[in-house]
Visitor: 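This structure is in structure tokens; I'll ask about it shortly.
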Amino acid sequence: MERRRFLLFLGAICCFVGLPEASPGDADPVYRICVAQCEKTGCVKDKCFQHCNFTFDGNPIDGPWYMQEPLYMKWKQWDCSSDCRYHCMLSIEGERQKHGHTPVKYHGKWPFKRIYGIQEPVSVAFSALNLAVQFHGWVSFFILVNYKLPLRPNKKSYYEYTGLWNIYAVFAVNAWLWSAVFHCRDVDLTEKLDYSSAVALLGYSLMMGIIRAFSIRLEATRVMVAAPLIAFVTTHILYLNFYQLDYGLNMKVCVTAGILQIVIWAVWAGVTRHPSRLKLWVVVIGGGIAMLFEIYDFPPYWGLVDAHALWHATTIPLTYLWWSFIRDDAEYTTSLLLKKAK
């Protein structure tokens, strides 16, 4: 009897623990019934899906090859279950809108409208633009330090942070690439690659900010700064990928790293006599404002533009200005070293 009571108590606890994991949308019984019926029939109202269990006339879909979904569509991994969830979500949100209700989240995500199978088209477009601006900035910086500015007798750049900024560019391009892929199709693999790449970029950016702001030139001192940051970022990425993808913890880590960078660059911009400090101020202030979009979450307008998409949009001009500051810093630092050499 006591064992039975214990099992009932344990089951109740498990139920209560599991409740917070559901979003308001997917916890709705109407939504769950809709998805369950769709997975059996392959249809939501009058809309049916080719890759569900049945065709329109009731024949199994896993028949001849010409009845299968084209390979160029399969890469998106839109299967029967995901299509049922998506169209049930649209159907219910349409009814909610008619009654004046605001959108709710489903499975932790806002209800976005697909365009050509792309899950969050506006965020994908802005991520791609960020990627292009980062790559353009990297190429222009590379050409500047290697072909336009004077070089040392050993053919190396006078600018002592050249290698570090090149590594930064690799992290930045990689992060925006996976951001575009993730917003195109949110699956477990793309989500982890996006989160991991973003954390790696933020961690390296923080390290780069400390090294440049404090003008750390000795390799041993750079290693002392980099080692704890690399250890923390690596541990956090491993935690997210192999233990638990904790969204709340990851947000705290990213916001903390972002705030620390803003503070470091703001203080440096306030005390330095760098000729391009105004550009740095714009990036710092703009970055702080842009971070508010990442913290303040709101439903997508027209099913397309949410706070995260606007954050991606604000980083495009800031990235262009940021690389402009880095190029100016290379020119200014090189000119100072050449004057000292004379």
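Both backbone and side-chain heavy atoms feed into the values below; hydrogens, waters and symmetry mates do not. Computed from a prediction, not measured in an experiment: that's the story for all the values here.
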Visitor: In terms of relative ring orientation, are Tyr195 and Phe182 parallel, tilted or perpendicular, with 30° and 60° separating the classes?
Guide: perpendicular
Visitor: For the residue pair Trp323 and Tyr168, categorise the inter-ring angle as parallel (less than 30°), tilted (30 to 60°) or perpendicular (more than 60°).
Guide: tilted
Visitor: Assigning hydrophobic clusters by single linkage (Ile, Leu, Val, Met, Phe, Trp, Tyr; side-chain heavy-atom cutoff under 4.5 Å), is Leu260 placed with Val225?
Guide: yes
Visitor: When you measure from the side chain of Glu120 to the backbone of Phe112, do you find a donor-acceptor pair of N or O atoms at a distance under 3.5 Å?
Guide: no
Visitor: Is there side-chain contact between Asn250 and Cys254, with at least one heavy-atom pair below 4.5 Å?
Guide: yes
Visitor: Specify the closest pair of heavy atoms between Leu318 and Gly287, including all atoms of both residues, with the distance to one decimal.
Guide: CD1-N, 3.7 Å
Visitor: Taking His312 as the fixed residue, which of Trp176, Phe293, Phe126 is the one that meets the ring-ring contact (aromatic ring centres under 6.0 Å, His included) rule?
Guide: Trp176
Visitor: Between Trp138 and Phe141 (judged by ring centroids, cut-off 6.0 Å), do the two rings come close enough to count as a pair?
Guide: no
Visitor: Return the set of residues passing side-chain hydrogen bond (donor to acceptor under 3.5 Å, both in side chains) with Glu191 (not counting sequence neighbours), or none when no residue passes.
Guide: Tyr247
Visitor: Between Leu202 and Ala257, which heavy-atom pair has the shortest distance, and what is it?
Guide: CB-CB, 4.2 Å
Visitor: Could you grab the distance from atom OH of Tyr161 to atom CG of Leu164, nearest 0.5 Å is fine?
Guide: 8.5 Å
Visitor: Does the Thr235 side chain pair with the main chain of Ala231, one donor and one acceptor, at a distance under 3.5 Å?
Guide: yes
Visitor: Answer yes or no: is there a donor N or O on one side and an acceptor on the other, between the side chain of Ser205 and the main chain of Leu201, under 3.5 Å?
Guide: yes
Visitor: Is it true that, when you exclude Lys192 itself, more than 12 heavy atoms of the residues, nucleotides or ligands shown sit nearer than 6.0 Å to its NZ?
Guide: yes
Visitor: At what distance, to the nearest 0.5 angstrom, does CE of Met291 lie from CH2 of Trp311?
Guide: 8.5 Å
Visitor: Using the rule that two of Ile, Leu, Val, Met, Phe, Trp, Tyr join whenever any of their side-chain heavy atoms come within less than 4.5 Å, decide whether Ile210 and Val233 are in one cluster.
Guide: no
Visitor: Measure the spacing between CD1 of Ile211 and OG1 of Thr221 and express it to the nearest 0.5 Å.
Guide: 9.5 Å
Visitor: Over 60° means perpendicular and under 30° means parallel, so classify the ring planes of Tyr239 and His236, tilted if in between.
Guide: parallel
Visitor: If we ignore hydrogens and angles and just use 3.5 Å, is the side chain of Arg152 paired with the main-chain N or O of Ser157 as donor and acceptor?
Guide: yes
Visitor: Does Ile237 share a hydrophobic cluster with Trp178, counting links as ILVMFWY side-chain heavy atoms below 4.5 Å and allowing steps through other members?
Guide: no
Visitor: I'd like to know whether OH of Tyr301 has more than 12 heavy-atom contacts from other residues, nucleotides or ligands below 6.0 angstrom.
Guide: no
Visitor: Check this for me: Tyr158, atom OH, are more than 12 non-hydrogen atoms of other residues, nucleotides or ligands nearer than 6.0 Å?
Guide: yes
Visitor: Return the minimal non-hydrogen interatomic distance between Ser127 and Ser179, and the atom names on each side.
Guide: OG-OG, 2.9 Å
Visitor: Roughly how far, to the nearest 0.5 Å, is CG of Leu292 from CG of Leu310?
Guide: 12.0 Å
Visitor: Return yes if some donor-acceptor pair links the side-chain N/O of Tyr106 with the main-chain N/O of Tyr31 below 3.5 Å, else return no.
Guide: no
Visitor: So, applying side-chain hydrogen bond (donor to acceptor under 3.5 Å, both in side chains) with His274, which one of Thr333, Asp328, Asp329 is it?
Guide: Asp329
Visitor: Would you say NE2 of His136 has more than 12 non-hydrogen atoms from neighbouring residues, nucleotides or ligands within 6.0 angstrom?
Guide: no
Visitor: Please give me the minimum heavy-atom distance between Asn130 and Thr315, naming the atom from each residue.
Guide: OD1-OG1, 2.9 Å
Visitor: Looking at side-chain heavy atoms only, is the closest gap between Leu280 and Trp268 below 4.5 Å?
Guide: yes
Visitor: I want to check something: taking the side chain as every heavy atom from C-beta on, are Gln244 and Leu249 in contact at a cut-off of under 4.5 Å?
Guide: no
Visitor: Are Glu95 and Val30 close enough that some pair of their side-chain heavy atoms sits under 4.5 Å apart?
Guide: no
Visitor: When clusters are formed by joining ILVMFWY residues with side-chain heavy atoms under 4.5 Å apart, either directly or through shared neighbours, do Trp322 and Val267 land in the same one?
Guide: yes
Visitor: Is there a path of hydrophobic side-chain contacts, each under 4.5 Å between heavy atoms, that joins Met251 and Leu238?
Guide: no
Visitor: Let me know which of Asp306, Ile115, Leu304 forms a side-chain contact (heavy atoms from CB on, under 4.5 Å) with Val122.
Guide: Leu304
Visitor: For Arg85, check side-chain hydrogen bond (donor to acceptor under 3.5 Å, both in side chains) against everything at least two apart and list the hits.
Guide: none
Visitor: Would a distance-only check, ignoring hydrogens and angles, find a side-chain to backbone donor-acceptor pair under 3.5 Å from Arg222 to Ile216?
Guide: yes
Visitor: Please examine the side chains of Leu90 and Val44, heavy atoms only from C-beta on, and report whether any two atoms are closer than 4.5 Å.
Guide: no
Visitor: Compare all side-chain heavy atoms of Asn241 with those of Ser196 and state whether any distance is below 4.5 angstrom.
Guide: yes
Visitor: Judged by atom type as modelled, is there a donor-acceptor pair below 3.5 Å linking the side chain of Asn174 to the main-chain atoms of Val170?
Guide: no
Visitor: Where do Leu193 and Ser197 come nearest, in terms of heavy atoms and distance?
Guide: O-OG, 2.7 Å
Visitor: Please determine whether side-chain contact (heavy atoms from CB on, under 4.5 Å) holds for the pair Leu229 and Leu206, giving the CA-CA distance in whole Å, both sets of side-chain angles, and the decisive distance to 0.1 Å.
Guide: CA-CA 8 Å; Leu229 286 173; Leu206 177 58; 3.9 Å; yes
Visitor: So which atom in Val124 and which in Ala180 form the shortest heavy-atom distance, rounded to 0.1 Å?
Guide: CG2-O, 3.6 Å
Visitor: Please examine the side chains of Trp302 and Lys113, heavy atoms only from C-beta on, and report whether any two atoms are closer than 4.5 Å.
Guide: no
Visitor: Look up atom NZ in Lys279 and atom CZ in Arg327, then write down how far apart they are to the nearest 0.5 Å.
Guide: 7.0 Å
Visitor: Can you tell me how far NZ of Lys148 sits from OG1 of Thr334, rounded to the nearest 0.5 angstrom?
Guide: 13.5 Å
Visitor: Assess the cysteine pair Cys38 / Cys84: is their SG-SG separation shorter than 2.5 Å?
Guide: yes
Visitor: Could you walk me through whether Phe325 and Val283 pass side-chain contact (heavy atoms from CB on, under 4.5 Å), step by step?
Guide: CA-CA 9 Å; Phe325 164 75; Val283 173; 5.8 Å; no
Visitor: Step by step, would you call His183 with Thr190 a side-chain contact (heavy atoms from CB on, under 4.5 Å)?
Guide: CA-CA 9 Å; His183 291 300; Thr190 58; over 6 Å; no
Visitor: Is it the case that the side chain of Arg185 and the backbone of Gln119 share a donor-acceptor pair, with hydrogens and angles ignored and the cut-off at 3.5 Å?
Guide: no
Visitor: Are Tyr159 and Leu149 side-chain neighbours, meaning at least one heavy-atom pair lies under 4.5 Å?
Guide: no
